[in-house]
Amino acid sequence: MGRALLFESSLLLGSIALGLLAMRLGASPAWVWPLALLPYLLRQLYLLIRLALMIRRQHRLAPPFPRGLWGDVYRRIARYQQRGRKSRKRQIRFTRRFREAANAVPDALVILDKQHRIDWANPAAARLIHVHWPQDDGRPFSDVLPHPDLESFIDAGEYMRPMDIAPEHNRAIMLSLRITPFGDRKKQRLVVGRDITKIYHLNMIRRDFVANASHELRTPLTVIAGFLETLVDAPDTPANHRRPLSLMRHQTERMCSIIEDLLTLSRLEMHDSPEEQESVDVPDEIHLILQEAQALSQARHRFETQVDEDLLLLGNQPELRSAFSNLVFNAVKHTPEGTRIRIGWRQDEDGPGFTVEDDGPGIAPEHLPRLTERFYRVDRARSRESGGTGLGLAIVKHVLNRHEARLEVASEVGRGALFACRFPPRRALERQEAEFSVME
Ligand code: ADP
């Protein structure tokens, strides 16, 4: 900048000195000054017009640059041009790489606009969900992939859980659709469709096997349990046989409970949501569960309840009863004498919640993520002793999934455990409102 300014001022000063010299030699000022300054002005004009033309024609400014301040301006513009070119190249490279990656993904990817119309799709989308891009550009997504629940699924905005569908164009495959909002005010949607046919079939085989095996075992076990019952109580049973027979009866009863729980789980797995939904009188259910829990506890625990008597829930009564009673009975089975058990049923800003809190021994943090796995027990021996099947929390999780609810577990060793079932607000019903709709 300093040198450019020096050059520029020396040009101007040179022109002025030339004019002064001409005047001293007797020339008239009327033509001396225009003539002396003309070369300087012409140079400025020439460099300005050249720059304007180059910018207009989007020409690249390249050295050699003129000297002086104009040279500085030319050099700076050339630098901006170079930076712009680099970032454009980077953008093109990124777009190409993104497109190549999206094309290589085996999952279907579809971008929907605000009105849920197709904006873009990768090649896998054509194979898996029949969305051909660019041919289907602008078509409503639900037209291309018709399904009775699809539109409401996209509208519902619960994108954490995927939706499994057998598409109309190919009933032999099973797809898992996951939808993620993105973009300006999260109005656009990214649909990811994954082929889960294999996993789905394996899962069906496992489900059917467990259901059939449990079903086949139920009758013989019931017969054995019946005979053992009779034998233990029969007067002519030898005294030294009574203890082994009673142990056998106890173990058979345990097996029967496991079979019953396995059959419950199989039934829950048959459909994604309960077939019958009604307004469930949760306060009433809690009072019944409390009576059973008190019988199970035999006055070894202290019970407290905090129940909103007017809060009912849209759901399936037997399923909810089974989930809630599992949580309450667990608090009785897995805590020692003197433990306080608090049962809550309230509505807050997140929706209705059923909670069971105890101040028992609690559960170590490493066990918490695995509690709802089938047959997972923190202490195997103690759980068996307390009559647990290890399937209770798996049943709770399934029931809650079917009611669009989630199970939260919080615990600290030595301080107790809190199990909370959180339901979506739309499932909450006011007692009067529910009774009124029944009368209607
Ligand atoms: P179980 O039939 O053994 O009760 P669950 O699936 O219901 O099986 O529970 C899994 C395990 O979680 C139990 O074996 C127990 O170790 C632990 N658990 C459940 N509830 C409680 C609780 N309130 N306090 C301490 N541990 C618990």
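First listed ligand is number 1; within each ligand, the first listed atom is number 1. Please read all numbers here as calculations on a predicted model, not as lab measurements.
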Not counting sequence neighbours, which residues clear side chain to side chain contact (heavy atoms under 4.5 Å, CB included) with M54? List them please.
R50, H59, L61
Which residues share a side chain to side chain contact (heavy atoms under 4.5 Å, CB included) with K187, sequence neighbours left out
K114, R185
Among all the protein's non-hydrogen atoms, which is closest to [atom], and how far away is it?
| atom | answer |
| --- | --- |
| atom 10 (C) of ligand 1 | Y376 O, 3.4 Å |
| atom 18 (N) of ligand 1 | H334 CD2, 3.8 Å |
| atom 3 (O) of ligand 1 | S383 OG, 2.5 Å |
| atom 5 (P) of ligand 1 | L393 N, 3.6 Å |
| atom 17 (C) of ligand 1 | V378 CG2, 4.0 Å |

State the atoms of ligand 1, each with its element, that fall below the 4.0 Å cut-off from a heavy-atom position in [X].
| X | answer |
| --- | --- |
| L371 | 12 (O) |
| A331 | 23 (N) |
| R377 | 3 (O), 14 (O) |
| K333 | 2 (O), 4 (O) |

Report, as yes or no, whether the 6.0 Å neighbourhood of atom CZ on R99 holds more than 12 heavy atoms from other residues, nucleotides or ligands.
no
Can you tell which of [options] gets a heavy atom nearest to [atom]?
| atom | options | result |
| --- | --- | --- |
| atom 8 (O) of ligand 1 | P361, G390, G388 | G390 |
| atom 7 (O) of ligand 1 | D261, T389, I363, N330 | N330 |
| atom 22 (C) of ligand 1 | D358, V328, V332, I258 | D358 |

With a 3.5 Å distance limit and no angle check, can you tell me whether N203 reaches the backbone of I199 through a side-chain donor-acceptor pair?
no
Hey, does F419 sit under 4.0 Å from ligand 1 if you only count heavy atoms?
yes
Enter the distance from F375:CZ to L262:CG here, rounded to the nearest 0.5 Å.
4.5 Å
Mind checking the CZ-CG spacing from R139 to L112? Nearest 0.5 Å is all I need.
13.0 Å
Hey, what's the ring geometry for H367 with Y376, parallel, tilted or perpendicular (30° and 60° as the breaks)?
tilted
Between F98 and W120, how do the two ring planes meet: parallel, tilted or perpendicular, split at 30° and 60°?
tilted
Kindly determine whether L150 and L177 satisfy side chain to side chain contact (heavy atoms under 4.5 Å, CB included), including the steps that lead there.
CA-CA 10 Å; L150 188 61; L177 292 185; 3.8 Å; yes
